[in-house]
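Have a look at the structure below before the remarks.
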Amino acid sequence: MKQLFRMRLALVCLTSFGTGLSPLECLGQFSAPPIKSAIQTQQPTAQPPNLPFRLARLPNPALTSAQLPNTQQPNAQVPNAQQPNAQQPNASGTNAPAAPQPGAVVSPAPPVNVDGDLLNTPQLTLADVTASVARSFPVIEQARLQGGVAGGDILAANGFYDHKLQGYSLSDPTGVYRNYRQSIGLARQLWWGGYLSAGYRVGRGDFEPWYKERETDKSGEYKLGLVQPLLQGRAIDPARVALFQANLRQQVVGPEIDRLVLTTALEAAAAYWSWLAIGGALEAQRELLELAEKRTKQLEDLLNAGKIKSVDLLLNEQLVAERRLLVIETQQKYRESGFKLSLYLRDEAGQPMLPADEWLPKRFPRIDNLPPGDYSADLAAAFSQRPELRIIGLEMQQVTWDLRLARNQLLPQLDLITEGSQDAGDPASSANDKSRFELEVGVQGEVPIQRRKARGKIQSTNFKLAQLQQKIRWQQDKIGFELQAARNALDQAAAGVIQAEAALRSAITTLDRFNFAFTEGKTDLVYLNILESKANEYEIKLIESQNKWFIALAQMQAALGLDPIQQSIQVSSLPPADTPTPRNLPEPVKPQP
């Protein structure tokens, strides 16, 4: 029990409804999508004193990357591939803030209710498991670390614009012409494709007549040079594309974390509900075994009184052995479900933690009737909230930068070259031909005749964009299928719960009457065993129907792109269901007089 409480976070922030912050903003300073909840939010309760540590602590790395659009007015726009949205460095080489995503509306999330029972219960809740996943699940941690990789790529791309210190020292100490040359200077690549250099050099000694430009006046020569592209490389060049794409890869990290949190939280919810369901089934099998074990003493008394035959006692012993086998098989499944759940339930050190038997809830939460679904509105909301579409949009922006570069490379390479120099000090020779300011201006250029490299790149990037458009179309179709399948599963599971409960109540009433008939000697043990097994079957079917409903609910929430932390808290704060459970079966209906 201490292990469970040690992994929980005091929910002071979550119960601070006056702040207007969502759970993720409180826990990690990140926003949660203000969306329609798939379950009803209860009225907030007062904060209990001495809050135990309940939810696993979330780290600083983002769980959600950005504010999501307000779904009261859904905006299902997908980022336009022809207008990339990347953080573009300005002329000084620093990063300018990225423009917001299309349709983004920043608004606070609705408050999340945290029931007092959720805080004080010793049982393991879905909120505990989901928070543990968000805190220390290795796959999500791996995605968070990708942010550091992307940051390093951005730093490396900015390195193209580093200032360069240049210099040389050359000597020709032998031969007819003995001279010495030294130079030092600074240079850097400019944002608009240009290259600027400035330096100082000294040339002393005797120089060949054909190398007289190497000679300087006594105090040396100062030089300033600029090379500026006029066509190809002016609007865009490979260095800027590399920087833009590195920024886009960094922007992908947030949605990728969101995607992994959604998928992993869904897997964790399925593992949690399956663990709870198999635990209930195990208790039902034990309950069935106890019926046969208790009947053994009764049959022994009846056998001693000569009211039954010894074969009835042997048959009951066979039933005991058979039901013990069922208990063993179900217990194996229960242990396996606990092992699977431990992959998502982790302690403060991030190690898998096997859930204790006393953490198993006795009941599922109450199943509330959901309002009729609006498929069109839900689909539009999912399009604006699901991270997969944002990821594809950012991929399209990266490819679009390649397309822009390829189109620019269709242009001829035409560069403006300017260089100015001025010698200083006493003349190096009697001709005094280096004292005046010298300026050299000109252009140089080249262009491939076929330009196949640029045309081939344009063709490949256009087809890549077409592929990504199909990828968006497939993802949208997949989201629509997930919404329809989850809603259908919810409706069918809810109907299954009703029918399973009705069948269980009828089976218990029938069993009660035949049990009375058995004590009166009016029916045999074989038929009574069939009725007991049938009641046990309906008992387990009721548990499985509830399990299916809550898994379908998790699938619906994931399909809509809802914040799993917020949703798991709401589900965990629901009151227990009033459906029959093992050890708490309904009373049989008495026959009318």
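Sequence positions, counted from 1, serve as the residue numbers for this chain.
Residues satisfying the salt bridge (Lys or Arg N to Asp or Glu O under 4.0 Å) criterion with Glu544, sequence neighbours excluded, are absent altogether.
In this structure, the side chains of Leu196 and Leu224 come closer than 4.5 Å at one or more pairs of heavy atoms. Inter-residue side-chain proximity for Leu405 and Pro238 is flagged as met; some heavy-atom pair is nearer than 4.5 Å. Between Leu345 and Tyr272 there is no side-chain heavy-atom pair separated by less than 4.5 Å. In this structure, the side chains of Ile417 and Val441 stay at 4.5 Å or more apart for every pair of heavy atoms. Two residues are said to be in side-chain contact when any heavy atoms from C-beta on lie closer than 4.5 Å; Trp275 and Pro361 meet this criterion. With a 4.5 Å cut-off on side-chain heavy atoms, Gln557 and Gln570 do not count as touching. Using a 4.5 Å heavy-atom threshold, the side chains of Arg487 and Met556 count as touching. Side-chain contact check for Val133 versus Val261: every heavy-atom pair is 4.5 Å or farther apart.
Classification of Asp162 and Lys164 as a salt-bridged pair fails, no side-chain N sitting under 4.0 Å from a carboxylate O. Contact check on Glu395 versus Lys471 returns a salt bridge, with a Lys/Arg side-chain nitrogen under 4.0 Å from an Asp/Glu carboxylate oxygen.
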- Message: Under the criterion side-chain contact (heavy atoms from CB on, under 4.5 Å), I'd like the reasoning laid out for Thr125 against Asp128: C-alpha separation, chi angles, the key distance, then a yes or no.
- Response: CA-CA 5 Å; Thr125 67; Asp128 297 324; 3.1 Å; yes
- Query: For Gln189 and Tyr195, what are the C-alpha separation, side-chain angles and deciding distance, and is it a side-chain contact (heavy atoms from CB on, under 4.5 Å)?
  - Reply: CA-CA 5 Å; Gln189 193 78 25; Tyr195 187 81; 3.3 Å; yes
- Task: Could you walk me through whether Trp474 and Gln470 pass the side-chain contact (heavy atoms from CB on, under 4.5 Å) test, one step at a time?
- Result: CA-CA 6 Å; Trp474 162 247; Gln470 294 302 315; over 6 Å; no
- Derivation of the salt bridge (charged side-chain N to carboxylate O under 4.0 Å, His left out) call for Arg144 and Glu141: CA-CA 5 Å; Arg144 289 192 179 111; Glu141 287 300 306; 2.5 Å; yes
- Task: Output, in order, the C-alpha distance, side-chain angles, deciding distance and verdict of side-chain contact (heavy atoms from CB on, under 4.5 Å) for Leu230 and Asp415.
- Result: CA-CA 6 Å; Leu230 300 178; Asp415 299 338; over 6 Å; no
- Can you check salt bridge (charged side-chain N to carboxylate O under 4.0 Å, His left out) on Asp258 and Arg390, steps first, answer last? CA-CA 10 Å; Asp258 293 345; Arg390 299 203 304 272; 2.9 Å; yes
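No more than 12 heavy atoms of other residues, nucleotides or ligands sit less than 6.0 Å from atom CZ of Arg234. Counting heavy-atom neighbours within 6.0 Å of Gln142 CD, excluding the residue itself, gives a total of 12 or less. The environment of OH in Tyr375 is crowded: more than 12 heavy-atom neighbours from other residues, nucleotides or ligands sit within 6.0 Å.
Taking each heavy atom of Leu243 and Ile154 in turn, the nearest pair found is CD1-O, 3.9 Å. Heavy-atom minimum distance, Pro365 versus Phe550: O-CZ, 3.2 Å. In terms of heavy-atom proximity, Pro564 sits nearest to Leu262 at CD-CD2, 4.1 Å. Scanning all heavy atoms of the two residues, the minimum distance from Ala552 to Ala489 falls at CB-CB, 3.6 Å. Here the closest non-hydrogen pair linking Leu231 and Pro412 is CB-O, 3.3 Å. Across every non-hydrogen atom of Arg240 and Gly233, the tightest pair is NH2-O, 2.9 Å.
A donor-acceptor contact shorter than 3.5 Å is absent between the side chain of Asn462 and the backbone of Gln459. For Ser460 (side chain) and Lys457 (main-chain N/O), a donor-acceptor pair under 3.5 Å exists by modelled atom type. The backbone N or O of Arg346 sits less than 3.5 Å from a side-chain atom of Arg135, completing a donor-acceptor pair. Between the side chain of Gln385 and the backbone N or O of Leu560 there is at least one donor-acceptor pair closer than 3.5 Å. Within the 3.5 Å criterion, the main-chain N or O of Thr130 finds no donor-acceptor partner in the side chain of Ser568. Checked by atom type and distance alone, the side chain of Ser132 pairs as donor or acceptor with a backbone atom of Tyr344 at under 3.5 Å. Counting only distance, with no hydrogens or angles, the side chain of Gln166 and the backbone of Gly185 share no donor-acceptor pair below 3.5 Å.
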Just distance, no hydrogens or angles: give the donor-acceptor pairs under 3.5 Å from side chains in residues 442-455, sequence neighbours left out.
from, atom 1, to, atom 2, distance (Å)
Arg451, NH1, Leu410, O, 2.8
Arg455, NE, Gln450, O, 3.1
Arg455, NH2, Gln450, O, 3.1

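Atom CG of residue Leu226 and atom OG1 of residue Thr418 lie 4.0 Å apart, to the nearest 0.5 angstrom.
Ring geometry for Trp401 versus Phe244: interplanar angle of 30 to 60°, hence tilted.
Residues Gln245 and Asp153 bring no donor and acceptor atom of their side chains to less than 3.5 Å of each other.
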